[in-house]
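Accompanying notes for the structure given below.
Computed from heavy atoms alone, side chains included, the values below leave out hydrogens, waters and symmetry copies. Everything numeric here is computed off the predicted structure, so don't read it as measured data.
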Amino acid sequence: MSRVRPVPGGRAVEVEPERVTGWIGRFADRHGAVDVRVSDREVVITAADGATATFATRGGTSVEEVVEELIAPRRIGLVLVRLGGHSVGVAFGGRVEVSATDRKQVHGRIRAGGWSQQRFARRREGQARVALQAAADDVFRVLVPRLAQLDGVVLGGDWQALDVLRNDRRLTGVFRMAEDRVLDVPEPRRTVLDEAAERARCVEIVIQDTGATGRRPDRMGTGEGA
């Protein structure tokens, strides 16, 4: 499994923890001999052509120890929200243990002007409030009582919808534990939550190419992540 998202100066690719060692080998094959530095917080890999790859750690003083820690199962809270739908759950080792999924109708935008448009906009705003309130309630019900059991939280969906939930004081602890990344997911359903549980295990590796070698970018950015 490999997912890619753009980041400033490069891209980030999701790699299953069991495949990180092999990924580093393929990175070296593609970019030349590598220098690997392990700190308390991250691993930084610098290749001969100037390309770098960086990922966060959860412990360890060598790549082998880092990978061992990354492979260890964790219990993760999942919050997937888009306007009109949400799916919330707790996953352990990539499998969902408990969840709540719901969908509320929120009408799309219209281009017509005048009074009818204003009335439609107010109606849509009301529907959006109901939908996001339902999402916040499920996050509070499913995750807040289990915060002490969680090793982290992974978010997914629409940034604006997530920001609304972030402002709910009941959920402060949930968002305090959230990782920086936000998974790009379709309309949240239980099957989407199951996939997100597997992706939450993945290590996000940030790749920055030198641009001075004339190398072509990997197809869809996945050449080193597959």
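Salt-bridge annotation for Glu97 and Arg95: absent, with no side-chain N of the basic residue lying under 4.0 Å from a carboxylate O of the acidic one. Using a 4.0 Å cut-off between charged nitrogen and carboxylate oxygen, Asp168 and Arg166 do not count as a salt-bridge pair. Look at Glu179 and Arg74 and you find a salt bridge, because one of the NZ, NE, NH1 or NH2 atoms lies within 4.0 Å of a carboxylate O, short of that distance. The pair Arg170-Asp137 meets the salt-bridge criterion, since a charged nitrogen lies less than 4.0 angstrom from a carboxylate oxygen. By the 4.0 Å N-to-carboxylate-O rule, Glu14 lies too far from Arg19 to be salt-bridged with it.
Counting only distance, with no hydrogens or angles, the side chain of Asp209 and the backbone of Ala51 share no donor-acceptor pair below 3.5 Å. The backbone N or O of Val185 sits less than 3.5 Å from a side-chain atom of Arg82, completing a donor-acceptor pair.
Annotation: side chain of Val43 is not in contact with side chain of Val20 (no heavy-atom distance under 4.5 Å). By the 4.5 Å heavy-atom criterion applied to side chains, Val66 and Val38 are counted as neighbours. Side-chain contact between Val174 and Val139: present, with at least one pair of heavy atoms (C-beta onward) separated by less than 4.5 Å. Looking at heavy atoms from C-beta onward, Glu187 lies out of side-chain contact with Val192 at the 4.5 angstrom threshold. When side chains are defined from C-beta on, Val98 counts as touching Arg146, because their heavy atoms get closer than 4.5 Å. Side-chain contact between Phe27 and Ile205 is absent, with no heavy-atom pair separated by less than 4.5 Å. Inter-residue side-chain proximity for Val13 and Glu204 is flagged as unmet; no heavy-atom pair is nearer than 4.5 Å. Put simply, the side chain of Glu16 reaches to within 4.5 Å of the side chain of Cys202, judged on heavy atoms.
The shortest heavy-atom contact between Gly85 and Pro188 is O-CG, 3.8 Å. Taking each heavy atom of Val7 and Ala12 in turn, the nearest pair found is CG1-CB, 3.8 Å. The minimum heavy-atom distance linking Gly89 with Val142 is given by the pair CA-CG1, 4.3 Å. Residue Ala47 comes nearest to His31 through the heavy atom pair CB-CB, 3.4 Å, listed as atom of the first residue, atom of the second, then distance. Residue Pro17 comes nearest to Val67 through the heavy atom pair O-CG1, 3.8 Å, listed as atom of the first residue, atom of the second, then distance. Looking at every heavy atom in both residues, Ala136 comes nearest to Leu171 through O-CD2, 3.9 Å.
Once rounded to the nearest 0.5 Å, the distance linking CG of Leu143 with CD of Gln149 reads 10.5 Å. Between atom OG1 of residue Thr54 and atom CZ of residue Arg41 there is a gap of 12.5 Å, rounded to the nearest 0.5 Å. For the atom pair Thr101 OG1 and Leu193 CG, the distance stands at 5.5 Å (nearest 0.5 Å). The CG atom of Leu183 sits 8.0 Å away from atom CG of Leu78, with the distance rounded to the nearest 0.5 Å. In this structure, the separation between CD on Glu68 and CG on Leu70 is 10.0 Å, given to the nearest 0.5 Å. We find the CG-OG1 distance between Asp35 and Thr52 to be 11.5 Å, quoted to the nearest 0.5 Å.
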- Starting from the C-alpha separation in whole Å, work towards a yes-or-no answer on side chain to side chain contact (heavy atoms under 4.5 Å, CB included) for Ile76 and Val153. CA-CA 5 Å; Ile76 300 295; Val153 172; 5.8 Å; no

- Checking side chain to side chain contact (heavy atoms under 4.5 Å, CB included) for the pair Phe175/Leu155: CA distance, chi angles, key distance, verdict? CA-CA 9 Å; Phe175 283 91; Leu155 309 175; 4.0 Å; yes

- Query: What's the verdict on side chain to side chain contact (heavy atoms under 4.5 Å, CB included) for Leu80 and Val88, showing C-alpha distance, side-chain angles and the deciding distance?
  - Reply: CA-CA 6 Å; Leu80 311 181; Val88 181; over 6 Å; no

- When you look at Asp158 and Val81, which way does the side chain to side chain contact (heavy atoms under 4.5 Å, CB included) test go after all the steps? CA-CA 6 Å; Asp158 180 76; Val81 183; over 6 Å; no

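Atom CG of Asp184 has 12 or fewer heavy atoms from other residues, nucleotides or ligands within 6.0 Å. Counting non-hydrogen atoms of neighbouring residues, nucleotides and ligands closer than 6.0 angstrom, the CG atom of Asn167 exceeds 12 such neighbours. No more than 12 heavy atoms of other residues, nucleotides or ligands lie within 6.0 Å of CG in Asp180, so this atom counts as exposed by the packing criterion. More than 12 heavy atoms of other residues, nucleotides or ligands lie within 6.0 Å of CD in Glu42, so this atom counts as buried by the packing criterion.
Checked options Ile45, Ile24, Thr57; the residue passing with Val63 is Ile24 (criterion: side chain to side chain contact (heavy atoms under 4.5 Å, CB included)).
In this structure, a donor-acceptor pair under 3.5 Å is absent between the side chains of Asp102 and His86. In summary, the side chains of Ser99 and Arg190 do present a donor paired with an acceptor at a separation below 3.5 Å, with no hydrogens or angles considered.
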